[in-house]
Structures are given as C-alpha cells and as structure tokens.
Protein chains: 2
Amino acid sequence: MLILLIGKLAMNEKEFLKKYDIHDFDVPLCTVDMAIFGIIDNELNVLLVRRDEHPEKDKWALPGGFIDLKEDKNIDATAYRKLQEKTGVRSPYLEQIQTVGSGTRDSRGWSITVLYFALIDVNKVKDNLITERSRWIPVSKARRLGLAFDHQALVALANGRLKAKTTYSALPIELMPKEFTLTELQTVFETILERDLQLKAFRRRLLAADLVEETGNSKIAGKRPAKLYRSTGKDRNTTFSQSLKI
Amino acid sequence: MLILLIGKLAMNEKEFLKKYDIHDFDVPLCTVDMAIFGIIDNELNVLLVRRDEHPEKDKWALPGGFIDLKEDKNIDATAYRKLQEKTGVRSPYLEQIQTVGSGTRDSRGWSITVLYFALIDVNKVKDNLITERSRWIPVSKARRLGLAFDHQALVALANGRLKAKTTYSALPIELMPKEFTLTELQTVFETILERDLQLKAFRRRLLAADLVEETGNSKIAGKRPAKLYRSTGKDRNTTFSQSLKI
DNA sequence: TCAATAGTGTCTTTCAGACACTATGCT
DNA sequence: AGCATAGTGTCTGAAAGACACTATTGA
C-alpha cells in the first residue's frame with residue numbers, strides 16, 4: 001500500500017483517480033440503523049426486527065443495513081429507503097442522530113453505523129409489514145430483550161434525543177394520527193418525558209405557537225366530548241425559546 | 001456476491017465470520033473531518049490545511065483523514081488523534097456534529113465523512129504546527145477561498161451548530177484563555193451570534209449559573225481595570241432553560 | 001344529580017431585555 | 001476634570017408553573 005501511494009505522487013488528478021481502488025485500503029464496515037418510534041396504547045414503542053443472518057442471528061435489532069452505492073444518492077436516501085421497506089410510510093419525520101463506530105461493536109470487524117430516528121403514526125404502517133420477525137416493542141421492554149450488537153445503547157441514544165427535543169419543540173405531534181385531542185397529545189408528551197405536565201401550560205404553549213388547530217370535530221370517550229385538533233405542520237421547525245423543566 | 005451470500009446461509013456464526021471479507025463488498029470511502037475553531041483578534045477562525053495530495057490537491061480543506069483501524073478504538077479516538085496532530089492540544093472541547101455522505105461529494109467515489117467540531121484556545125496550539133499549509137483563517141474569509149470537496153458546507157454546518165449552542169449554553173468559554181474579562185467573553189459571544197448582546201443580561205446569566213469565577217486579578221486595557229475570570233468548568237454541561245433571541 | 005373528563009382564569013415565579021445610572025483609573 | 005471603559009440598579013415583558021375554578025356529557 002505504501003508503494004502504491006508513492007507511485008501516485010507524481011500523477012495528475014485524472015491519473016490518480018484511474019488507479020484509485022478503495023479495495024486497496026482497510027475500511028470500516030458502514031451501515032445505517034433506524035430507531036423508528038410510534039405510540040401504541042399510550043406507550044412509546046420502537047420497531048425491531050429479528051436478524052435472520054449472522055452475526056447475532058435471531059437476536060432483535062434495529063432495522064438497518066448497508067448503503068446501496070448504486071441506488072442511494074446520499075445517506076438520508078438510505079435511511080428513507082430502509083424506512084420505506086420496513087413501514088411503507090411516505091413522509092415521516094426523519095432525523096440523523098449520531099454516528100457510532102468502534103473496532104469492537106461488530107464481530108465482523110471495525111464498523112460504523114449512522115443512527116437515524118423516525119417518528120410515525122403507527123396506523124400508517126402497512127399491516128403486512130408487522131410480522132413475527134418485525135414488531136413494535138415498548139421501549140421499556142426492549143431493554144430486557146438483549147438486543148444485537150450495541151443496539152441497546154443506540155435505542156437509548158435515540159430515546160434520549162427524542163426526550164430532549166420534546167422539552168423544546170413539539171416534535172411528538174409527528175407521532176399522532178391525523179386528528180387527535182389535546183389530552184391525547186399531552187399523554188404522549190408525558191410518556192416521552194416520563195413526567196406529568198401542567199394541563200393549562202401545555203395547551204397555552206401549543207395554541208400560542210399555532211402548532212395545532214381545531215378540526216371542528218370532537219371525540220367522545222364516555223364523558224364530555226373533547227375537541228379534535230390537527231397539526232398545522234409547523235411542529236418540525238418550531239423551537240420554543242423556553243424549554244420545559246426536566 | 002449473491003453466490004457468496006447464499007453459500008453462507010447454512011453456516012454457524014464462526015464459519016460465517018471466517019469467510020467474511022469486507023473487500024467482497026462495495027463500501028463507501030469513510031473519513032473524519034474536523035472544524036477546529038479559535039478566536040483571533042475578536043474574529044472566529046477555523047483551522048484549514050492545504051491538501052497536498054489528489055484529489056483537490058492544493059485546495060484549502062478541513063483537517064481530517066481516514067480511521068486507523070489498528071490504532072483507533074472508536075470514531076471519537078480518530079477525531080482526538082487528528083486534533084492532536086494538527087494542534088497538539090490535550091483536552092479540547094470536541095463534539096460530533098453530523099455525518100454527510102453522497103455519491104458525488106468526492107471524485108474517488110461514494111464517500112461519507114463524520115464531521116466534528118472542536119473549540120480551542122488558540123494560544124495552546126503549538127507554534128510549529130501553524131505553517132504555510134496549515135493556517136487559521138477567519139470563517140468569513142473561508143467562504144471566498146473555494147474549499148475542497150463540500151467543505152464549504154461543512155464549515156457552515158459546524159458554524160451553525162456553534163451559533164445555535166451559543167444561544168442556550170456557555171460553550172464559547174472553551175475558546176478563551178485561562179483568564180479573561182467578561183467584556184472579552186461577551187465580544188466572543190457577539191462574534192459568534194453576529195449581533196450585540198445586552199451587557200447586564202449577559203453577566204447576570206453567566207454569574208447566576210456559576211459558570212465563571214473571579215481570579216482576583218485584573219487587566220488594564222488603558223481605562224478602568226477589568227476583573228479577570230476563569231471558567232468553573234461547568235460550561236460544557238450547562239444548558240439555560242431560556243435561550244437568547246436570534 | 002353526580003361522576004368523570006374537558007377546558008378556563010388568574011396569580012406567581014423566573015429570567016431575558018432595556019436603559020439609565022455609578023465606579024475607576026489614566027491622561 | 002474629563003474621558004473611556006467597567007460594572008450596577010431596577011423596571012418591563014414574555015412565558016412557564018401552580019392551582020382553583022367552570023363546562024359538558026352520560027349514567
């Protein structure tokens with residue numbers, strides 16, 4: 001390899017690229033992993049798949065895979081593709097979280113993974129994609145499952161980011177169905193933050209920022225009907241100047 | 001490659017790993033790039049190097065390079081190593097920003113880079129490391145230099161993150177020398193935020209959060225001597241509940 | 001009419017913004 | 001004394017926290 005490099009010193013760029021072959025170098029394994037969150041029965045769930053190949057065969061893991069150098073224009077495209085394959089959802093909230101890499105996290109060798117998280121309305125997921133080997137699992141239970149590789153830590157990372165963002169944005173709206181009551185939304189916030197919120201302060205914050213609007217419909221859950229709201233679509237960008245206490 | 005995969009289906013994990021060779025696969029090029037920031041004459045500077053190899057030879061670029069699969073335990077280690085090579089600084093503030101990857105950003109092929117940013121006191125940088133091909137350049141001027149690859153965008157990304165963090169934390173303290181006046185610190189904040197700050201509000205915020213403490217010394221810049229402060233070391237963790245207006 | 005859930009009024013607290021004011025040392 | 005820079009006092013305003021209160025429905 002050293003000889004290769006020395007040989008390249010005198011070349012111009014075109015000649016250099018002609019001789020360049022990435023397979024001459026030791027490179028890390030490179031994957032994209034997805035933490036896809038959804039709310040089921042007021043609980044935060046993450047979509048996990050059972051690995052059907054070595055290594056860590058049959059263990060639960062975050063969905064993910066390799067970058068397709070032919071098809072994917074950039075890394076976000078890889079993430080969108082994976083998400084599409086696993087859920088069929090068209091335009092989810094998707095955000096890159098962090099890249100984790102080390103010589104020990106994967107038995108195949110030095111590997112890095114680019115971790116993304118996605119927030120989706122579970123109702124939008126195609127039914128046939130939820131199977132014995134591809135399931136929603138409550139984040140609290142995922143801990144006890146002994147996930148593949150360092151995916152335990154990746155779930156914690158993603159969950160931490162979601163929690164942090166929930167203190168200063170309205171991102172959890174992305175987890176809701178088209179129409180929802182503010183009580184339902186507050187419960188989702190409370191689930192993520194793992195603490196109760198003041199009802200008045202919560203509504204005031206969302207309404208003042210114009211993040212939700214009434215649909216005109218209401219929902220009866222036995223007692224007084226609750227007004228139904230829809231997202232105004234501003235939730236992906238809004239950050240409140242003051243964040244909720246932790 | 002398909003045949004390889006099929007052949008592996010029946011194996012156990014040990015056999016699988018024995019036959020596994022990453023060079024069988026198409027993998028992206030993978031690098032780590034550093035946006036190292038420092039303050040010189042009240043201006044935000046970034047450390048740039050002139051590339052002395054193809055591709056993009058002789059263009060200015062962010063310092064960076066490949067992961068050393070033998071030496072680096074994890075990606076952070078790669079970043080620390082690069083930083084040490086370029087500055088000699090021992091324990092800088094270092095944080096991963098984002099990973100950028102696409103098929104077009106590097107002429108050698110599909111490539112990803114893990115971008116970090118570091119904040120350092122420029123006085124701590126070893127003199128002999130600042131040369132004709134490794135220089136501090138004001139962020140405002142870096143724009144006009146036509147950086148290599150997509151490094152223009154990477155600098156903007158790093159700068160944006162620094163600016164955002166400066167509205168809700170006291171991170172810029174990491175750019176200061178051991179002792180500094182609050183006026184100097186405020187000027188650094190103003191440089192990063194590209195706007196003036198209220199003197200009273202600035203001091204109140206920092207002092208109330210116990211982020212700086214008096215050293216007992218003072219500094220005469222011609223007129224009334226200004227008290228010198230030092231960091232209490234809390235600046236890396238503190239986030240204010242209320243962020244500064246943009 | 002009462003239980004249960006939905007939703008409002010309003011006082012308090014916290015902290016940033018604004019700006020007039022005082023303090024100190026050099027010339 | 002005057003000036004330039006360092007630093008304080010204090011009022012205002014915005015938004016979160018707390019909590020008592022009212023509203024709407026079904027049984």
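Values reported hereafter were calculated over all heavy atoms of this structure, with side chains retained and with hydrogens, waters and symmetry mates removed. Naming convention: chains lettered A, B, ... in sequence-line order (proteins, then strands); numbering from 1 in each chain.
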### Query
Is any side-chain N or O of B/R204 under 3.5 Å from a base N or O of D/dG7, one able to act as donor and the other as acceptor?
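For B/R204, whose side chain was compared with the base of D/dG7, there is no donor-acceptor pair (under 3.5 Å).
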Rounded to whole angstrom units, what separation is found between the [atom1] atom of [X] and the [atom2] atom of [N]?
X: B/L244; N: C/dT14; atom1: CG; atom2: C1'; answer: 16 Å
X: A/Q198; N: C/dC11; atom1: CD; atom2: C1'; answer: 13 Å
X: A/R224; N: C/dA3; atom1: CZ; atom2: P; answer: 19 Å
X: B/K223; N: D/dC3; atom1: NZ; atom2: P; answer: 11 Å
X: B/K200; N: D/dA6; atom1: NZ; atom2: C1'; answer: 13 Å
X: A/L197; N: D/dA18; atom1: CG; atom2: C1'; answer: 13 Å
X: B/R203; N: D/dT8; atom1: CZ; atom2: C1'; answer: 9 Å
X: B/F202; N: C/dC15; atom1: CZ; atom2: P; answer: 17 Å

### Message
Regarding B/T113 and B/D33, do their side chains bring together a donor and an acceptor under 3.5 Å, going by distance alone?
### Response
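Checked: B/T113/B/D33 side chains pair up, N/O donor to acceptor below 3.5 Å.
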### Donor on one side chain, acceptor on other, B/Y93 and B/D235, under 3.5 Å
no
### Query
Taking the six-membered ring of B/F240, is NZ or CZ of B/R205 closer than 6.0 Å to its centre and within 45° of its axis?
yes
### Query
Do other residues, nucleotides or ligands put more than 12 heavy atoms under 6.0 Å from the CD1 atom of B/I246?
no
#### Entry: Angle by which the axis turns from one end of the helix from C/dT1-D/dA27 to C/dT27-D/dA1 to the other, five pairs per end, to 10 degrees
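That helix has its two terminal axes inclined by roughly 20°.
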### Query
Do B/T238 side-chain atoms and B/S169 backbone N/O form a donor-acceptor pair below 3.5 Å?
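Side chain of B/T238 to backbone of B/S169: no pair is present.
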### Out of C/dG17, D/dA18, C/dA16, whichever nucleotide has its closest atom nearest the side chain of B/F240
C/dA16
### Task
Please confirm whether A/F180 and A/Y229 have ring centers closer than 6.0 angstrom.
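No; A/Y229 has its ring centre 6.0 Å or more from that of A/F180.
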### Query
Base, sugar-phosphate alone, or nothing: which one does A/Q242 contact when heavy atoms must sit under 4.0 Å apart?
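Contact class for A/Q242: sugar-phosphate only.
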